[in-house]
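In what follows, a structure is listed as structure tokens, so that the remarks can point back to it.
Every chain is numbered from 1, with letters handed out A, B, ... down the list of sequences. What's counted below: heavy atoms across the whole structure, side chains too, no hydrogens, waters or symmetry copies.
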Amino acid sequence: IQLEVGFRPQSLEPLLLDVVPTIQQTAALALGRLASYNDDLAEAVVKGEILPQLVYSLAEQNRFYKKAAAFVLRAVAKHSPQLAQAVVDCGALDALVVSLEDFDPGVKEAAAWALDYIACHNGELSQAVVDAGAVPLLVLCIQEPELAVKRIAASALNDIAKHSPELAQTVVDAGAIAHLAQMILNPDAKLKRQVFSALSQISKHSVDLAEMVVEAEVFPAVLTSLKDPDEHVRKNATTLIREIAKHTPELSQMIVNAGGVAAVIDYLGDSRGNVRLSGIMMLGYVAAHSENLAMAVIVSKGVPQLAICLAEETEDHIRSATAWALGQIGRHSPEHARAVAMANVLPRLLAFYMDAQSSDDLQAKAKKALKSILQKCTYVPALEPLLHEAPSNILKHVICQFSKVLLHDSKARRLFVTSGGLKKVQEIKAEPGSLLQEYINSINNCFPEEICSYLCFLFALEQLSCFQTLPSNQQECF
Amino acid sequence: MYNLAANFRLAACRHHGNARTRSDMARLEWLQRQIEGIKEEHVIENRYVIALVEHSAAVRLQSWFRGCQVRARLRLLHRKATIIQKVWRGFRARNQFRQMVKVSLLFRPNKIFLLIQRRWRGYYVRKYIHNYYALKRYLEGLTIKNEQVRKDLEEFAELQRREMERLAREREGQRKCLQAQRLHFLLSTEQCPGVFNSPYRDFPHEMELRLRSIKPLLAKNAPLRRDSGGSPACSLPPVPSKKPQGPFRDPAEVLQQRYRPLEPTLRVATSITALEEAREELRREEWRSRVIDDIFQPFSNAHKNRKYERTLHGTSSYEQVDYGTKYFREENKEKRQGEKPFKTVFTTDHVFDKFGQFYSSAGKIV
């Protein structure tokens with residue numbers, strides 16, 4: 001139905017009041033389709049004062065009319081918060097809650113869908129839906145045998161619980177978690193999407209809610225859903241694991257002990273694109289809590305997988321999430337930093353930091369990750385390439401680490417000289433008295449005096465030879 | 001020598017044993033007096049031999065005794081020498097030992113305290129701060145668990161994939177079967193080869209083979225595309241809209257007969273529990289129309305509208321205490337051992353014995 005300016009929904013109003021019920025239902029259905037097509041048409045429906053009529057007849061008429069009326073309400077409410085508020089102001093909530101108790105599953109589905117679209121916009125509307133007493137009825141709807149009703153009820157609870165902790169607590173108090181947890185084993189893919197999404201919205205708000213979700217014994221079942229054929233089910237399951245893992249070390253420890261880290265790493269290997277984000281963030285959160293957990297992530301072969309993600313992905317937000325996760329893994333101790341450095345990650349992070357085209361977020365995260373890893377890194381083969389390429393603020397850390405390592409290890413010293421690292425160190429200009437100069441001095445002290453002066457001499461020669469090629473007037477100035 | 005005398009006496013007694021006359025007794029006395037003389041004679045005659053024997057006996061005794069004395073003395077001396085040597089050797093050895101200890105302390109560095117500190121630090125760190133070996137064991141266990149989880153998930157994914165493939169294949173098979181059933185008219189005959197059995201092909205198309213193998217689809221058995229509420233139970237023959245030619249009834253009549261509504265008798269139509277339901281209905285009506293729910297109290301009971309509150313002492317959180325309901329007096333039988341039991345009946349009071357009899361009522365003066 002592609003109708004432009006000139007059509008007024010008021011012209012349908014008399015049809016709604018017709019004697020023949022079929023005409024009423026068809027008129028309502030037409031209104032609904034119009035309203036769902038376009039924003040302006042929905043506003044026109046609201047302005048035409050049709051909604052109170054619909055709400056009134058929602059309470060009385062037969063089930064076909066109720067379905068059609070609920071369809072109109074949902075079509076109007078889905079466009080914007082203001083339209084949803086208009087729907088609420090007509091007193092639609094009570095009528096919809098009453099039709100949630102109807103026997104016909106089609107009516108329940110339509111009413112639940114309308115409530116879902118009203119509640120999804122913001123917290124006040126959700127609070128209004130909760131105050132109308134919809135939550136216990138939605139929990140009852142979840143237990144219905146029809147799949148469509150279950151899906152919509154789960155989606156409605158999802159949208160109610162996502163706005164604030166109090167709303168999530170209301171949903172939990174109505175006993176939703178147990179029923180949602182039972183439905184994880186249902187074979188239907190769309191239902192599982194909604195269920196996982198609802199559980200993750202509940203658990204993201206606070207530790208107690210996350211613990212309640214965990215106590216509902218979701219855990220081994222969630223890991224099997226990570227191998228589900230449907231992509232969104234896997235994504236939502238990973239989101240759930242992430243929301244649970246981010247709160248406390250004990251919850252992360254429990255996930256690690258259940259083998260969740262290995263499952264998520266496999267998931268990262270199998271998926272591509274945007275859906276990897278929640279998996280990467282989950283690994284970052286787990287590693288951030290403590291060094292034992294970070295070591296557990298390393299042992300589960302997480303670092304090579306994250307390096308692959310860093311190389312493959314092109315989106316900036318996924319790259320910055322990966323950089324953050326790697327920083328969290330590597331910052332704890334030299335062992336961790338060595339594991340991260342061995343995956344050849346540091347040059348890539350440096351490239352992201354230096355690249356002018358990366359977003360600010362990516363640059364900041366890459367810099368922070370580099371710094372935190374470098375402060376603990378003692379793995380010389382990874383530090384050397386950075387020596388040649390890094391800007392001065394990163395170079396400071398690199399030199400600091402070299403000065404610590406070269407003091408004790410003679411083989412490393414030999415390698416350092418032969419690979420040209422010492423030469424590069426001589427080339428660095430640093431202000432006397434700064435930290436960088438101190439580190440350079442300590443490195444120079446590790447080697448015999450002659451070598452350092454020889455290399456300085458070489459460097460000076462090179463500089464002179466550069467100057468030789470300049471035009472003559474500049475030479476005169478020099 | 002002395003045996004001789006004894007034998008002599010014995011012999012004399014034997015000889016004269018039975019007849020002990022006075023002369024025999026005297027003779028016995030005389031013989032006994034002679035014994036002493038004989039003895040002396042014997043000794044005097046053999047005095048040298050006797051002296052020799054006595055001498056050697058005495059020497060033997062004395063030598064034995066002297067031997068004992070000497071041995072005892074030697075033993076004593078031996079013991080004393082041992083004690084002296086013992087004391088002296090101990091003294092010497094202790095001196096030497098002290099010397100050795102002094103020497104060793106001076107020249108060898110002593111590292112016992114380091115050992116103690118080492119052991120303590122290792123224990124403390126492993127128990128309270130960071131146990132490297134426990135962490136190592138945990139990580140090993142974790143890798144094993146991860147492998148297990150990965151394997152399980154792989155198997156599960158494989159199972160699911162196979163399941164889905166199987167379902168897809170079944171659906172495909174059913175679809176093809178349905179199509180073949182619908183297109184059954186394309187089967188080739190002897191005269192005319194069908195679409196799928198072109199003469200230029202080496203062998204017929206698989207559709208042709210399928211067409212040959214299945215039964216054609218009848219209209220009434222066709223699976224319904226749209227989900228309608230028609231139940232397959234009512235399989236009556238269809239009623240034509242126009243009366244066909246012949247001895248057939250009017251279709252309207254037939255339809256009327258077929259769809260005539262059920263008219264049960266009143267007896268059949270009332271349910272078995274009609275009486276109880278009617279009573280329930282009446283009760284509900286009464287309850288609905290009733291305005292006040294409290295029972296009407298007659299005036300005498302108007303003040304008894306308070307529920308009796310039990311004392312805290314008489315009730316407990318688990319059950320009612322018997323005291324206060326079953327009995328009202330505490331009885332300690334141990335304390336009242338010697339006392340007499342409590343009297344429940346007292347001596348009568350004589351105040352009212354003459355009640356009604358003191359007053360004069362025309363002559364009944366007591």
Evaluate whether atom [atom1] of [X] has more than 12 neighbouring non-hydrogen atoms of other residues, nucleotides or ligands under 6.0 angstrom away.
{"X": "Phe103(A)", "atom1": "CZ", "answer": "no"}
{"X": "Glu144(A)", "atom1": "CD", "answer": "yes"}
{"X": "Tyr138(B)", "atom1": "OH", "answer": "yes"}
{"X": "Leu167(B)", "atom1": "CG", "answer": "yes"}
{"X": "Arg272(A)", "atom1": "CZ", "answer": "yes"}
{"X": "Glu276(B)", "atom1": "CD", "answer": "yes"}
{"X": "Lys67(A)", "atom1": "NZ", "answer": "yes"}
{"X": "Arg258(B)", "atom1": "CZ", "answer": "yes"}

Do Leu139(B) and Met295(A) pass the side chain to side chain contact (heavy atoms under 4.5 Å, CB included) test, and can you show the C-alpha distance, the side-chain angles, and the key distance before you say yes or no?
CA-CA 8 Å; Leu139(B) 288 173; Met295(A) 189 49 98; 3.3 Å; yes
Please classify the contact between [X] and chain A as side chain, backbone, both or neither, with a heavy-atom cut-off of under 4.5 Å.
{"X": "Leu142(B)", "value": "side chain"}
{"X": "Leu135(B)", "value": "side chain"}
{"X": "Glu147(B)", "value": "side chain"}

With side chains defined as the heavy atoms from C-beta onward, is the minimum distance between [X] and [Y] less than 4.5 Å?
{"X": "Gln160(B)", "Y": "Asp228(A)", "value": "yes"}
{"X": "Ile265(A)", "Y": "Arg150(B)", "value": "yes"}
{"X": "Leu226(A)", "Y": "Phe156(B)", "value": "no"}

Check Lys145(B) against Asn257(A) and note the closest heavy-atom contact, atom names and distance.
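So the minimum-distance heavy-atom pair works out to CE-O, 3.5 Å.
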Between CD on residue Glu158(B) and NZ on residue Lys227(A), distance to nearest 0.5 Å
10.5 Å
Measuring heavy-atom distances to chain B, does Val256(A) have an atom under 4.5 Å in its side chain, in its backbone, in both, or in neither?
both
Find the one option among Ala263(A), Gly260(A), Gly259(A) whose heavy-atom pairs under 4.5 Å with chain B are most numerous.
Gly259(A)
